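Note on naming: letters A, B, ... go to the chains in the order of the sequence lines (proteins, then strands), and numbering restarts at 1 for each one. It should be emphasised that the depicted structure is a prediction, and the values quoted were computed from it without experimental measurement.
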Amino acid sequence: MSRLERDFFARDTLVVARELLGQRLVRLIGGTRLSGYIVEVEAYIGEDDQASHAHPGRTARNATMYGPAGYAYVYLIYGMHHCLNIVTDREGYPAAILLRALEPVEGIAEMQTRRGHRPLTQLTSGPARLCQALAIDRHLDGADMCAPEAQLFVERGLPVPDECVATSPRIGVRGDERALTVPWRFYVRGNSYVSR
DNA sequence: GGATCGATCGGCT
DNA sequence: GCCGATCGATCCG
């Protein structure tokens with residue numbers, strides 16, 4: 001299984017977002033593997049993007065977004081949920097891809113334990129759900145997903161053909177007309193693990 | 001120091 | 001479909 005290297009992530013964010021579909025997110029917990037195919041993502045690009053955490057400019061919270069590609073940006077939302085992004089594009093330019101849903105592959109029983117034994121379709125279908133299933137929280141903010149010793153990384157999966165890729169506006173965002181309408185959500189058409 | 005609010009989820013009506 | 005949970009970052013004073 002080959003891991004995606006930094007040069008995969010250090011490209012245009014929309015290209016990376018599209019190509020992340022079908023790749024496999026892997027989390028190592030004490031040697032055991034929890035993983036799933038990425039089936040839904042959203043892109044957040046630049047300070048001009050009003051829906052992005054980088055819109056107010058560089059702060060302590062969003063600092064990871066300004067760093068090099070291939071790092072995890074993890075934040076706490078609504079005081080209780082975590083969301084995982086992967087930083088993209090060039091260092092100094094704030095851009096990242098929010099992982100919104102996975103199709104579970106490995107470690108399903110462990111994920112169910114972490115998710116209160118919910119049905120398979122609710123294990124990892126949502127940005128905070130997949131973080132809970134894979135034990136991802138703020139201590140992984142700033143983790144290098146391309147380091148050899150990484151406990152969280154992406155492996156090459158199955159290519160998703162263009163006819164199976166759909167786009168839409170992003171979910172749950174605030175901002176101007178552009179932020180609300182730009183089609184920067186990418187998902188696998190018909191996949192039952194896509195959120196909502 | 002204090003008020004505000006969020007890239008969500010799950011339970012309830 | 002609606003609403004409450006829960007807390008840290010951010011902003012204002």
Using the rule that Ile, Leu, Val, Met, Phe, Trp and Tyr join whenever any side-chain heavy atoms are under 4.5 Å apart, tell me whether A/L130 and A/L21 fall into a single cluster.
yes
So that I know where these two stand, are A/Y44 and A/H53 an aromatic pair - ring centroids less than 6.0 Å apart?
no
Are A/H81 and B/dC9 close enough that a side-chain N or O sits under 4.0 Å from OP1 or OP2?
no
When all nucleic acid strands are considered with a 4.0 Å heavy-atom cut-off, which category describes A/A51: base, sugar-phosphate, or nothing?
base
Measure from the side-chain heavy atoms of A/R118 and tell me the nearest of C/dT10, B/dT8, B/dG10.
B/dG10
So, A/Y66 versus A/E47: side-chain donor-acceptor pair below 3.5 Å or not?
yes
According to a strict under-4.0 Å criterion, is A/R61 in side-chain N/O contact with OP1 or OP2 of C/dC11?
no
Rounded distance in Å - CZ (A/R114) to P (B/dC9):
18 Å
Euclidean distance, atom CZ of residue A/R129 to atom C1' of B/dG10 [Å, nearest integer]:
8 Å
Are A/Y73 and A/Y71, when compared by the centres of their aromatic rings, separated by less than 6.0 Å?
no
Result for 5'-nearest mapping on DNA chain B, choosing between A/Q132 and A/G172, is A/G172
Across the strands shown, which category fits A/R185 at heavy-atom distances under 4.0 angstrom: base, sugar-phosphate, nothing?
nothing
For B/dA7, give its Watson-Crick or G-U wobble partner with both distances under 3.5 Å, or none.
none
Under 4.0 angstrom, heavy atoms only, what part of the nucleic acid is A/R115 near: base, sugar-phosphate, or nothing?
sugar-phosphate
Can a donor-acceptor pair under 3.5 Å be found between the side-chain atoms of A/Y75 and the base atoms of B/dA7?
yes
In whole Å, I'd like the distance from the CD atom of A/E42 to the C1' atom of B/dT8.
12 Å
Within this structure, what is the CG-to-C1' distance between A/D141 and C/dA9, rounded to whole angstrom?
13 Å
Please classify the nucleic acid contact of A/R100 as base, sugar-phosphate, or nothing, using heavy-atom distances under 4.0 Å.
sugar-phosphate
Let me know, please, whether A/R138 or A/Y78 comes out on the 5' side of the other along DNA chain C by nearest nucleotide.
A/Y78
Whole-Å distance separating the NE2 atom of A/H55 from the P atom of B/dC5
17 Å
Checking side chain to side chain contact (heavy atoms under 4.5 Å, CB included) against A/V16, which of A/L14, A/T13, A/L20, A/D12 comes through?
A/L20
For the pair made of CG in A/D137 and P in B/dT8, what is the distance, rounded to whole Å?
18 Å
Spacing of A/L76 atom CG relative to C/dT10 atom C1', expressed in whole Å
14 Å
Taking only the C1' atom of each, what is the distance from C/dG8 to B/dG10 in whole angstrom?
22 Å
Atom-to-atom span, NE2 of A/H53 to P of C/dC11 - whole angstrom
13 Å
